Amino acid sequence: MNLEKLVRKNILELSPYSSARDEFSGDRMVQLDANENPHETGFNRYPDPYQNELKAKLSDIKGVAMQNIFLGNGSDEIIDIAIRTFCEPGVDNILTVKPSYGMYRVSAKINNVELKEVALNQDFSLNAELILKAVDDQTKVIILCSPNNPTGNSFEVKSIKQILDAFDGPVLIDEAYVDFSSNKSWSNELSNFSQLIVIQTLSKYYGMADLRLGIAYASPEIIRIFNKVKPPYNIAGQTQRTVLKQLEQNENRINLEFFETEKKRLENYLNDSILVEKVYPSDANFLLVKFYEARKVFDYLKENGLIVRDRSKEFNCENCLRISIGTANENLKLMKTLSLLS
Ligand SMILES: *Cc1c(COP(=O)(O)O)cnc(C)c1O
């Protein structure tokens, strides 16, 4: 992959903003270089712009070298940075599938970049041939979400490889839900595919949605360019410290078995319910459920204080609600409430 040809010219030529912390990052002496308030509040100093301590911890946990890691203010920020790095507004396009995560469209629109959407197969599997056929000269990035939101399924390794082999530009794989699946992360393939950008988040499995931390894994060359494009202090120091502490304390605490057991329970219940036409197989912490009358079920649940996500307007998702796996009590309440309707 030739990055020089793929990255926007203005980004290639950009000299990034050089912050006080860029120019001096040694031991803290008398610091009169950043116009901070000198009085200690616990928050008065700017944070590490490259989050090195946190990256070292994530590198340990994820088995990916630090030079291959970029952190964003949520993975939503990384999606935006990827679009801004590679796509010329009003000229280039990005390619993704439908149905998939709605932020790709919003982020593309904000940047005045066209979003091309290729339909998934009826069973929501990936059609690599159709995707490759839709690529044109202005297609700069392909985005694939696996496991996919809102459908819950993972895409076949074979199909994704086919796309990586044939497409010469960056392929961004959004793995927001990979921690719930038994599939390996595509971050293991960085050395085989230089154009791979894998993004993950601490917002779902790791239970830190409030802290806003997204992770990208990519080649050091791509990471270097993302570092130029990002705002200098995009991850708050408070977030860096808190995430580090959480990861140190909770590494072994997060419980996949819980999600598996609860998902199975809910899945079995829904499959038996006369309200339900189909429960789609899920590798994530939610179920996409086709009801006979989704709107009626949605309104009834809402009246009873249960909020689920109506996805019926999404492509091929007529009458579908997306239901997150809650606590055991919340799931029980959902099942009891649905039983009263059926
Ligand atoms: C939730 C979600 C995200 C957002 O992650 P943040 O890190 O919280 O911004 C990204 N992609 C998909 C597919 C998601 O479902």
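Computed from a prediction, not measured in an experiment: that's the story for all the values here. Just follow the structure's listing: the first ligand is 1, and inside any ligand the first atom is 1.
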Original post:
Can you list the residues that meet the ring-ring contact (aromatic ring centres under 6.0 Å, His included) rule with Tyr269, with sequence neighbours excluded?
Top reply: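 Counting only residues at least two positions away or on another chain, Tyr269 forms no ring-ring contact (aromatic ring centres under 6.0 Å, His included).
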**OP:** Identify whether NZ of Lys or CZ of Arg in Lys161 sits under 6.0 Å from the centre of the six-membered ring of Phe193 and within 45° of that ring's axis.
**Re:** no
Subject >> Cation-aromatic face contact Lys98/Phe315, 6.0 Å, 45 degrees >> reply: yes
Original post:
Do the two ring centres, one from Phe298 and one from Phe291, sit under 6.0 Å apart?
Top reply: no
Original post:
For ligand 1, what is the set of protein residues having any non-hydrogen atom at a distance below 4.0 Å?
Top reply: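 Answer by chain and number: Gly74, Ser75, Asp76, Tyr101, Cys145, Asn149, Asp174, Ala176, Tyr177, Thr201, Ser203, Lys204, Arg212.
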Original post:
Is a side-chain donor-acceptor pair under 3.5 Å present for Glu318 with Ser312?
Top reply: no
Subject >> Parallel, tilted or perpendicular: ring planes of Tyr205 versus Phe259, cut at 30 and 60 degrees >> reply: tilted
